[in-house]
Amino acid sequence: MKLSRRNFLTTAAIAAPAALISADQNVPTSGTPLKVCVFADLHYHPGVWTNDTPAFLEKIMARAESERCDMMIHLGDFLHGVRSPAQKAFIKLYNEFKIPGYHILGNHDQDGNPYRETCDAYRMPDGHYSFDKGGFRFVIADPNYFCNEPGKFIHHENGNYFKRVAGSTINWIPPAQLEWLRSTIVGSPYPCIVLSHQSFERGKGAPVMNKKEVQAIFREANAKKPGTVRLVINGHLHMDHLRILDNILYWDVNSANFQYYGKKHDKYPAEYVKTHRGSLNNIGWKEPLSAILTMWPNGRIRIDGSKSDWLFGVSPKDAGYPTCDSDGRETLPRIQSTDMTFTYA
Ligand SMILES: [Fe+2]
């Protein structure tokens with residue numbers, strides 16, 4: 001971790017084990033914190049993936065309630081389309097919960113329908129939008145665009161991105177949205193939390209194609225007013241990782257449910273596979289993963305993660321899969337905890 005003299009960081013616990021940790025009482029706090037339940041890539045898909053009932057979502061909502069969260073946010077790939085009665089009921093469960101729940105589009109949320117239909121079901125004005133809450137600005141970006149030819153951006157919908165032509169590129173923020181991001185962030189009266197399904201910081205692991213342009217917007221905003229962009233959060237690759245870049249915390253949030261592999265294994269019980277036909281492409285978690293994010297106006301950010309076990313005791317290694325991805329991030333059934341305070345000057 002490289003720290004400049006101007007950008008000083010106090011770390012109470014970084015990359016701590018997944019068990020919940022206590023906040024360091026010596027870390028100064030001021031103002032009222034905002035408490036958010038964060039979870040990602042639930043991939044509700046009845047009859048296909050692991051943990052295909054509403055039970056995981058219900059457990060995450062129960063945690064948000066017992067932690068008295070101000071809001072919840074899911075980081076995309078909540079499910080695989082919004083039209084079936086089961087999908088509608090699942091969305092309703094979350095949307096009508098007593099704690100306000102926000103959505104982000106993942107690459108799969110509109111697999112079975114036009115993307116605007118998913119926006120409507122998710123109560124989103126568009127794939128990208130923003131809102132202010134508790135003294136923070138939440139900026140939701142939408143990199144679910146691909147290009148079959150340079151400069152022609154097509155939004156994911158109806159599974160169209162599975163039929164991309166050779167030489168196509170994927171995970172773009174189109175120019176108009178880039179300009180919207182800039183105008184929403186630079187000069188924001190509130191500290192900004194930027195959220196998207198795909199990552200703005202990863203190397204080889206399927207990052208947003210024009211992530212450098214997005215990072216330049218963050219630097220521009222923070223040069224103008226330090227501490228404007230504080231936290232950048234993504235899902236998508238089902239990995240648990242924290243990174244500090246340009247005095248911003250980048251949080252790669254693990255899936256609530258499983259890791260996906262292109263090649264099938266043969267380790268799950270035959271009876272289970274009969275009713276979960278895609279589960280041999282999954283290494284599932286036994287219990288859902290979620291995190292409670294608490295943010296203070298003064299720069300303190302606390303994450304209380306969670307820890308589970310492998311479903312049926314089967315790890316990636318047991319199934320013959322690599323344990324790390326192309327960026328060296330390890331598949332684990334956990335979301336790590338941390339508590340750190342950034343200084344902005
Ligand atoms: Fe995804």
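Hydrogens, waters and symmetry mates play no part in the numbers below; they use all other heavy atoms, side chains included. One-based numbering, in listed order, for ligands and for the atoms of each.
- Tested against Glu65, the residues Lys35, Lys59, Lys98 include a single salt bridge (Lys or Arg N to Asp or Glu O under 4.0 Å) partner, Lys98.
- The 12-atom threshold is not exceeded at NZ of Lys317, counting heavy atoms of other residues, nucleotides or ligands nearer than 6.0 Å.
- Not one N, O or S atom of Asp41 sits under 2.8 Å from the Fe ion (ligand 1).
- At the Fe ion (ligand 1), the vertex angle linking NE2 of His197 with OD1 of Asn107 is 90° (nearest 10 degrees).
- The pair Glu67-Arg302 does not meet the salt-bridge criterion, since no charged nitrogen lies less than 4.0 angstrom from a carboxylate oxygen.
- The Fe ion (ligand 1) has no N, O or S atom of His108 closer than 2.8 Å.
- When each of Tyr94, Phe138, Phe131 is tested with His103 by the rule ring pair (Phe, Tyr, Trp, His ring centres under 6.0 Å), just one qualifies, namely Tyr94.
- Residue Asp77 approaches the Fe ion (ligand 1) most closely through its N/O/S atom OD2.
- Not one N, O or S atom of Gln198 sits under 2.8 Å from the Fe ion (ligand 1).
- When distances from the Fe ion (ligand 1) to the N, O or S atoms of His236 are compared, ND1 comes out shortest.
- Between the side chains of Asn107 and Asn144, no donor N or O sits under 3.5 Å from an acceptor N or O.
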